[in-house]
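Each remark here refers to the structure printed beneath this line.
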Amino acid sequence: MSVAIAMERQAGPSDPVAALILSVAHQDRIAFRELYELTSRRIYGVLLRMLRRHELADDVLQEVFLAVWSKAKFFDPDRGAGLAWLTTVARYRAINRMRLVRRESRNLPDDPTAGISTVTSPIDQTMSWTVRNCLARLPDKQREAVLLTIHLGLTHEELAQRLDLPLGTAKSRVRRALLTLRTCVEGDCA
């Protein structure tokens, strides 16, 4: 009797996902491809609902299937359905990613101007006052965006993630803020 037939009997004919996972446990690449094709859309949907960002869901989906490749030997069809096991793996990976994202966002200072060196020359002090005055006149959302971008060096993508905004909105917010600052510093709003 072949390994695949024995595994199908063990998993049961009504659970093709379980049969594929059992084959993957024996490093069957074809079964792995079939498992991915059969389940990836559903698992991606679960991840997207949890993470709410396509780029995170894409990354975690890849992590899920890498984990399945290496941990399929721990799957026990007697304890539950194959899709339930796969969904559990996905949920744990998504939870870990959410924790990582929260931890990384906590490491960024709340005050984007924290750590900026103090100005000593009179010209620099005047310019610093002008810039700070112009910054103070910006709407709060624009000020936050430009400070995060300039002083923390965040890319537009990182800014969009940090502020939970679409990328285009983050870019336009920074652009409008910089245009307003330029006009103000040049003396048009003094």
Side-chain angles (χ1 to χ4, degrees), residues 1-110 112 141 144-145 148-149 152-175:
M1 178 184 319
S2 74
V3 174
I5 293 172
M7 285 185 219
E8 187 173 316
R9 283 187 184 161
Q10 185 180 2
S14 63
D15 192 355
V17 174
L20 290 170
I21 293 171
L22 291 171
S23 293
V24 170
H26 290 85
Q27 306 296 296
D28 183 339
R29 292 175 188 266
I30 295 169
F32 183 74
R33 183 180 321 121
E34 289 175 14
L35 179 66
Y36 181 84
E37 290 170 0
L38 182 65
T39 61
S40 62
R41 287 188 197 126
R42 180 174 275 167
I43 297 302
Y44 183 78
V46 169
L47 294 171
L48 191 56
R49 278 191 301 278
M50 291 181 72
L51 298 168
R52 298 183 182 172
R53 294 197 344 231
H54 289 282
E55 67 277 1
L56 288 178
D58 289 337
D59 289 347
V60 175
L61 182 67
Q62 183 176 358
E63 290 177 18
V64 167
F65 279 93
L66 286 171
V68 167
W69 180 257
S70 64
K71 305 217 182 282
K73 60 188 169 216
F74 298 111
F75 170 68
D76 181 0
D78 295 332
R79 296 185 65 199
L83 188 58
W85 180 80
L86 196 57
T87 304
T88 301
V89 171
R91 289 186 73 247
Y92 280 115
R93 293 285 170 165
I95 290 168
N96 286 341
R97 179 57 64 96
M98 287 187 290
R99 287 178 182 154
L100 178 65
V101 167
R102 276 192 219 120
R103 193 176 317 126
E104 287 174 349
S105 68
R106 273 189 260 138
N107 289 338
L108 292 174
D110 290 333
K141 291 179 179 180
E144 178 184 30
L148 288 169
T149 303
L152 292 181
L154 297 182
T155 65
H156 287 117
E157 291 82 9
E158 293 167 338
L159 178 68
Q161 288 176 354
R162 170 93 188 261
L163 299 179
D164 196 26
L165 295 171
L167 180 60
T169 303
K171 286 180 177 181
S172 64
R173 195 173 283 177
V174 170
R175 185 175 186 277

(message) Rounded at 0.5 Å granularity, tell me how far CG in Leu159 sits from CG in Leu148.
(response) 6.0 Å
(request) Working to the nearest 0.5 Å, report the span between CG of Leu47 and CG of Leu56. (result) 10.0 Å
(request) Keeping to residues at least two apart or across chains, list the side-chain hydrogen bond (donor to acceptor under 3.5 Å, both in side chains) pairs with something in residues 80-95. (result) none
(request) Name the orientation class of the two ring planes belonging to Phe32 and Phe65 (parallel below 30°, tilted from 30 to 60°, perpendicular beyond 60°). (result) perpendicular
(message) Could you check whether any side-chain N or O of Glu37 sits under 3.5 Å from a backbone N or O of Glu34, counting only pairs where one atom can act as donor and the other as acceptor?
(response) no
(request) Provide the closest heavy-atom pair for Leu22 versus Pro77 in the form atom of the first, atom of the second, distance. (result) CD1-CG, 3.9 Å
(message) According to salt bridge (charged side-chain N to carboxylate O under 4.0 Å, His left out), who are the partners of Asp58, at least two apart in sequence or on a separate chain?
(response) none
(request) Could I get the full list of side chain to side chain donor-acceptor pair (under 3.5 Å) partners for Glu63, not counting sequence neighbours? (result) Arg97
(request) Starting from the C-alpha separation in whole Å, work towards a yes-or-no answer on side chain to side chain contact (heavy atoms under 4.5 Å, CB included) for Val174 and Lys171. (result) CA-CA 5 Å; Val174 170; Lys171 286 180 177 181; over 6 Å; no
(message) Return the CD to CG distance between Glu157 and Leu167, rounded to the nearest 0.5 Å.
(response) 5.0 Å
(request) Any chance you could measure Met50, atom CE, to Leu48, atom CG, to the nearest 0.5 Å? (result) 11.5 Å
(message) For the CD1 atom of Ile21 and the CG atom of Asp28, what is their distance to the nearest 0.5 Å?
(response) 13.0 Å
(request) Taking all non-hydrogen atoms of both residues into account, name the closest pair between Val24 and Ala31 and its distance. (result) CG2-C, 3.9 Å
(request) Using modelled atom types only, decide if a donor and an acceptor are shared between the side chain of Ser40 and the backbone of Tyr36 within a distance under 3.5 Å. (result) yes
(request) Scan for side-chain hydrogen bond (donor to acceptor under 3.5 Å, both in side chains) pairs involving residues 65-75, sequence neighbours excluded, and state none if there are none. (result) Gln27-Trp69
(request) Please identify each residue that fulfils side chain to side chain donor-acceptor pair (under 3.5 Å) with Arg42, with sequence neighbours left out. (result) none
(request) Under the salt bridge (charged side-chain N to carboxylate O under 4.0 Å, His left out) rule, collect the residues that match up with Arg53, sequence neighbours excluded. (result) Glu55
(request) Mark yes when over 12 heavy atoms from residues, nucleotides or ligands other than Leu66 sit less than 6.0 Å from its CG; otherwise mark no. (result) yes
(request) Can you see which heavy atom on Leu83 is nearest to which on Val17, and at what distance? (result) N-CG1, 3.5 Å
(message) Could you check whether any side-chain heavy atom of His54 comes within less than 4.5 Å of a side-chain heavy atom of Tyr44, counting everything from C-beta outward?
(response) yes
(request) To the nearest 0.5 angstrom, please state how far the NZ atom of Lys141 sits from the CZ atom of Arg173. (result) 5.5 Å
(request) Taking Asp15 for its side chain and Gly82 for its backbone only, find out whether a donor-acceptor pair lies under 3.5 Å. (result) yes
